[in-house]
Asks: 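Here you go, one structure.
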Number of protein chains: 2
Amino acid sequence: MSSDRTRSAILAAAEKLYADRGFGDVTLRDIVAEANVNLAAVNYHFGSKDELIAELFVTRSLATNRERLNALKLAEEKGGGRAPIDAILHALVGPTLRGCLGPDREGSTAARFMIRASIESVPPIRRIKNREVDHLRKFIAAMRRAMPGRDDADLYWGLHFALAMSHHTIREKERLARLSEGQCDLNDVDAIVDRVVSVSVMALTGGEAPARKAPSKVAAPHGRLTRQDL
Amino acid sequence: MSSDRTRSAILAAAEKLYADRGFGDVTLRDIVAEANVNLAAVNYHFGSKDELIAELFVTRSLATNRERLNALKLAEEKGGGRAPIDAILHALVGPTLRGCLGPDREGSTAARFMIRASIESVPPIRRIKNREVDHLRKFIAAMRRAMPGRDDADLYWGLHFALAMSHHTIREKERLARLSEGQCDLNDVDAIVDRVVSVSVMALTGGEAPARKAPSKVAAPHGRLTRQDL
DNA sequence: GTCTATAGCCTGATAGAC
DNA sequence: GTCTATCAGGCTATAGAC
């Protein structure tokens with residue numbers, strides 16, 4: 001009982017401090033001071049600093065993955081087992097973007113923690129991300145059903161680019177706001193999700209084999225290989 | 001004179017060790033052992049560990065930026081002051097991708113160092129990246145000349161997505177190789193550059209206002225706003 | 001089981017001799 | 001410029017109180 005209170009206090013204090021000041025500037029001593037517990041309690045309950053960080057990240061990460069898979073399942077049921085490609089990509093990038101940029105969660109501790117995790121990518125978080133690859137296969141499977149003709153490599157690249165755009169937007173939102181001098185509205189999450197989905201769909205459908213040996217003007221600018229030639 | 005040799009030895013040893021084992025696992029004591037110099041020499045020559053890392057990164061980073069701007073200048077001269085959009089994006093993402101994935105530099109110390117810098121994003125490197133925003137304005141200016149009709153916001157988003165795809169490909173190349181079980185060829189740099197450029201061009205030209213209030217089937221999947229409505 | 005006090009070792013940084 | 005010695009602060013481990 002009392003154990004749960006100490007454990008929870010550590011988790012809450014850690015998430016708050018990491019969200020506020022980042023992983024680099026927060027020590028275990030800062031965390032135990034904020035939580036009003038003893039230094040050794042962290043090791044007792046979590047084993048190490050890294051495992052504490054890992055638990056924080058896994059908790060938030062699992063929630064996002066559940067949202068993703070629910071949205072995917074819903075979209076496929078709605079389409080009788082086959083969802084349109086844009087709905088699949090929407091299910092993939094929507095939860096992540098809304099979780100970090102959403103107006104409801106605007107500046108919530110959880111959102112700011114996940115943004116920090118995205119920007120600083122400390123070792124325990126990297127480890128988790130690296131083994132968190134299985135649930136992406138479910139998206140590849142859904143994409144394969146949506147676009148039966150496409151090469152698998154094209155599907156993987158499409159998925160990869162969709163994740164690239166959403167993660168990079170979260171990670172570099174300050175920079176983009178500054179570079180564009182406010183002309184890119186980073187508060188309108190729905191518009192951002194649509195933009196990412198729209199570009200991802202174009203990436204997946206745009207180079208749709210016009211003629212094996214006649215690359216489109218735009219796709220083969222410098223006489224290099226086009227996707228169709230790979 | 002002797003100072004220069006010590007300085008260079010530290011730089012070389014640090015870049016090698018960071019490239020091999022990452023920033024998290026390499027201490028100053030490891031570096032001075034590899035360089036056969038005294039521990040205090042690092043602080044004497046660089047001020048701090050962070051400034052040593054910063055110097056390593058800035059050196060490689062400036063070289064890439066020079067390549068980028070040279071390629072951009074060349075493309076604009078070739079077109080009489082106005083380069084086609086794909087050539088501009090090529091100049092933007094080509095040097096970065098070739099510098100990290102190129103077959104000539106395959107596994108070179110410099111390439112592996114820059115990949116580490118991209119993956120681990122340690123504080124001194126983040127600081128440099130954050131203030132390294134000015135030279136991107138030259139690319140925005142060139143893009144504005146190439147696509148006079150486009151909204152500035154669209155140009156910024158296009159630039160942002162191009163960088164997103166190239167950086168994410170460098171950063172997650174192992175993961176993509178594993179996820180795709182080798183079906184995505186991460187050794188064919190030219191093909192990757194073309195793929196990134198091709199998608200970026202589509203992002204910039206694809207949503208080209210078909211009709212103000214009739215969003216295309218693919219761009220407005222869920223009745224949300226399309227780019228044209230922003 | 002839960003928690004505290006304390007000691008250990010490693011890190012980056014620095015002062016002062018040479 | 002270079003080196004030795006030492007420092008403060010970080011995370012971890014453990015012995016023992018409750």
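Owing to the predicted nature of the structure, the values given are computational and were not obtained by experimental measurement.
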Asks: Given C/dC3, is OP1 or OP2 found less than 4.0 Å from the side-chain N or O atoms of A/His45?
Replies: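 Indeed, a polar side-chain atom of A/His45 lies that close.
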Asks: Are any of the side-chain heavy atoms of A/Asp152 and B/Ser180 separated by less than 4.5 Å?
Replies: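 Result no, sub-4.5 Å side-chain heavy-atom pair not found.
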Asks: Nearest-Å distance, CG (B/Asn38) to P (D/dA5)?
Replies: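 Spelled out: CG on B/Asn38 to P on D/dA5 is 11 Å.
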Asks: Can you tell me the distance, in whole Å, between the CD atom of A/Glu51 and the P atom of D/dC11?
Replies: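 It is 15 Å, rounded to the nearest whole Å.
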Asks: Report the distance from atom CD1 of A/Ile88 to atom CZ of A/Arg144, rounding to the nearest 0.5 Å.
Replies: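 The CD1 atom of A/Ile88 sits 11.5 Å away from the CZ atom of A/Arg144.
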Asks: Output the rounded distance in Å from CG (A/Asp4) to P (C/dT2).
Replies: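 From A/Asp4 CG to C/dT2 P: 9 Å.
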Asks: Have a look at A/Arg60 and tell me which of A/Glu55, A/Glu67, A/Glu15 forms a salt bridge (Lys or Arg N to Asp or Glu O under 4.0 Å) with it.
Replies: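 Of A/Glu55, A/Glu67, A/Glu15, salt bridge (Lys or Arg N to Asp or Glu O under 4.0 Å) with A/Arg60 is met by A/Glu15 alone.
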Asks: Taking protein heavy atoms under 4.0 Å as touching, what does nucleotides 11-18 of chain C look like 5' to 3' if B marks base contact, S marks sugar-phosphate-only contact and - marks none?
Replies: BBBB----
Asks: Between A/Thr169 and B/His160, does any side-chain donor sit less than 3.5 Å from a side-chain acceptor?
Replies: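 A/Thr169 vs B/His160: donor-acceptor pair found between side chains.
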Asks: Determine, using ring centers only, whether A/Tyr156 and A/Phe139 are less than 6.0 Å apart.
Replies: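 No, too far apart.
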Asks: Could you give the CG-to-P distance, from A/Asp25 to D/dG9, as a whole number of Å?
Replies: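 Spelled out: CG on A/Asp25 to P on D/dG9 is 15 Å.
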Asks: Mark yes when over 12 heavy atoms from residues, nucleotides or ligands other than B/Lys138 sit less than 6.0 Å from its NZ; otherwise mark no.
Replies: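 No, NZ of B/Lys138 has 12 or fewer neighbouring heavy atoms, counting only those of other groups under 6.0 Å.
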Asks: Counting only side-chain N and O atoms of B/Thr6, is one of them less than 4.0 Å from OP1 or OP2 of D/dG1?
Replies: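 Answer no for this pair, as no side-chain N or O of B/Thr6 is under 4.0 Å from OP1 or OP2.
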